[in-house]
Q: 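Structure provided below as C-alpha cells; questions to follow.
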Amino acid sequence: ITARKNSTHPIDVRFMEWGATKNDQDQYRAQLRMQSETDVCISGPGTSLMSPPFLRAGSFVINVGHCRPCQDHGVNYSIPWYMESYMCEAASTYQKCLYL
C-alpha cells in the first residue's frame with residue numbers, strides 16, 4: 001500500500017500491482033514512478049520491502065511484520081517476525097522505518 005498527499009484529497013491511497021503484464025518494462029516503470037511519489041509505504045514481509053531505496057527522501061516505511069507461531073515446553077505463543085528490515089536500514093539516512 002502506498003499513500004501520498006495531493007491537492008484534491010488529503011490522502012491518496014494506492015495498492016501496488018506486483019503482477020506481470022504483457023509489457024513488463026512498462027509495468028516496472030509504473031511501479032518505480034509510484035514508489036518515487038510515495039510518502040508512506042505500508043507492507044508486511046516480502047518483496048515489497050525491497051522498495052525503500054526507491055522512495056522519496058523524507059518518506060516513511062511501516063513494516064507490519066507477521067506473527068510467527070512458536071512452541072516451548074508445550075506452550076504455544078507467537079513472536080513478531082520482520083523480514084527485509086535491512087532494506088529500511090540501508091535507506092535510513094533519508095527516510096524512517098517503523099515496525100508494528
Q: What distance do I42 atom CD1 and N63 atom CG have between them, rounded to the nearest 0.5 Å?
A: 11.0 Å
Q: Return the CZ to CD distance between F54 and E37, rounded to the nearest 0.5 Å.
A: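 These two atoms lie 15.0 Å from each other.
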Q: How long is the gap from CD1 on I79 to NE2 on H66, to the nearest 0.5 Å?
A: 8.5 Å
Q: What's the verdict on side-chain contact (heavy atoms from CB on, under 4.5 Å) for T38 and R56, showing C-alpha distance, side-chain angles and the deciding distance?
A: CA-CA 7 Å; T38 296; R56 72 167 88 205; 6.0 Å; no
